[in-house]
Amino acid sequence: QMQLVESGGGLVQTGNSLRLSCAASGHTFSSTGMGWFRQPPGKEREFVAGITWNGLTAYYADSVKGRFTISRDNAKNTVYLQMDSVKQEDTAVYYCAAKAHSGSYFPRSSYNYWGQGTQVTVSS
């Protein structure tokens with residue numbers, strides 16, 4: 001079992017920055033690939049970013065590439081999502097997730113543990 005708790009969400013103005021954190025417990029975090037997903041109002045949950053267990057490789061959705069950065073600190077059992085130059089279309093509930101197995105980081109089916117989500121609202 002792995003428990004994931006997101007924090008850092010809130011209201012931010014267009015063009016500004018926000019950093020989300022996800023604290024993990026109860027499992028071998030340091031050997032697990034991690035991901036961030038988001039669910040905009042009225043839409044499906046979508047992949048945002050993923051990072052390998054050692055932090056050496058990261059994956060991004062085209063919509064956030066160049067603006068968002070995923071990172072992790074295995075000593076703190078925490079994964080981060082740095083969001084820069086945010087846009088109104090980044091408004092969503094953001095979820096942290098832990099991968100169930102090796103393979104692609106992009107599909108939701110690759111993950112078996114999820115946090116409760118944190119709301120990010122971008123205002124103009």
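These numbers come from the heavy atoms of this one structure, side chains and all, not from hydrogens, waters or symmetry mates.
Here Phe37 pairs with Phe47, Tyr111, Trp114 under the ring pair (Phe, Tyr, Trp, His ring centres under 6.0 Å) rule; sequence neighbours left out. Every residue two or more places apart in sequence or in another chain that forms a side-chain contact (heavy atoms from CB on, under 4.5 Å) with Gln82 is listed here: Ser17, Arg19, Thr69, Asp84. For Arg108, the salt bridge (charged side-chain N to carboxylate O under 4.0 Å, His left out) criterion is met by no residue, not counting sequence neighbours. Under the rule for a side-chain contact (heavy atoms from CB on, under 4.5 Å), the partners of Ala98 that lie at least two apart in sequence or sit in another chain are Met2, Leu4, Thr32, Met34, Tyr113.
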Under 3.5 Å donor-acceptor pairs involving side-chain atoms of residues 117-124, not counting sequence neighbours:
{"residue": "Thr118", "atom": "OG1", "partner": "Gly9", "partner atom": "N", "Å": "3.3"}
{"residue": "Gln119", "atom": "NE2", "partner": "Ala92", "partner atom": "O", "Å": "3.4"}
{"residue": "Gln119", "atom": "NE2", "partner": "Thr121", "partner atom": "OG1", "Å": "3.3"}

Contacts under 3.5 angstrom, residues 52-64 side chains, donor-acceptor by atom type, not counting sequence neighbours:
{"residue": "Thr52", "atom": "OG1", "partner": "Asn54", "partner atom": "OD1", "Å": "2.9"}
{"residue": "Thr52", "atom": "OG1", "partner": "Leu56", "partner atom": "N", "Å": "3.4"}
{"residue": "Thr52", "atom": "OG1", "partner": "Thr57", "partner atom": "N", "Å": "3.1"}
{"residue": "Thr52", "atom": "OG1", "partner": "Thr57", "partner atom": "O", "Å": "3.4"}
{"residue": "Asn54", "atom": "OD1", "partner": "Leu56", "partner atom": "N", "Å": "3.1"}
{"residue": "Tyr60", "atom": "OH", "partner": "Ile70", "partner atom": "N", "Å": "3.0"}
{"residue": "Asp62", "atom": "OD1", "partner": "Lys65", "partner atom": "NZ", "Å": "3.2"}
{"residue": "Ser63", "atom": "OG", "partner": "Arg38", "partner atom": "NH2", "Å": "3.4"}

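Judged as a disulfide (SG to SG under 2.5 Å), not a single pair has a partner in residues 42-80 (not counting sequence neighbours). Annotation: disulfide (SG to SG under 2.5 Å) contacts involving residues 40-124, sequence neighbours excluded, comprise Cys22-Cys96. Residue pairs meeting the disulfide (SG to SG under 2.5 Å) criterion with at least one member in residues 29-59, sequence neighbours excluded, do not occur. Listed by first then second residue, pairs satisfying disulfide (SG to SG under 2.5 Å) with a partner in residues 33-65 number zero, not counting sequence neighbours.
The hydrophobic cluster of Tyr80 has no other members, since no ILVMFWY side-chain heavy atom comes under 4.5 Å of it. The hydrophobic side chain of Leu11 is isolated, with no ILVMFWY side chain under 4.5 Å apart from it.
Counting only heavy atoms from C-beta outward, the side chains of Gln116 and Glu6 approach each other to under 4.5 Å.
Going from atom CH2 of Trp36 over to atom CG of Leu20 covers 4.5 Å, rounded to the nearest 0.5 Å. The line from NZ of Lys99 to OG of Ser31 is 12.0 Å long, rounded to the nearest 0.5 Å.
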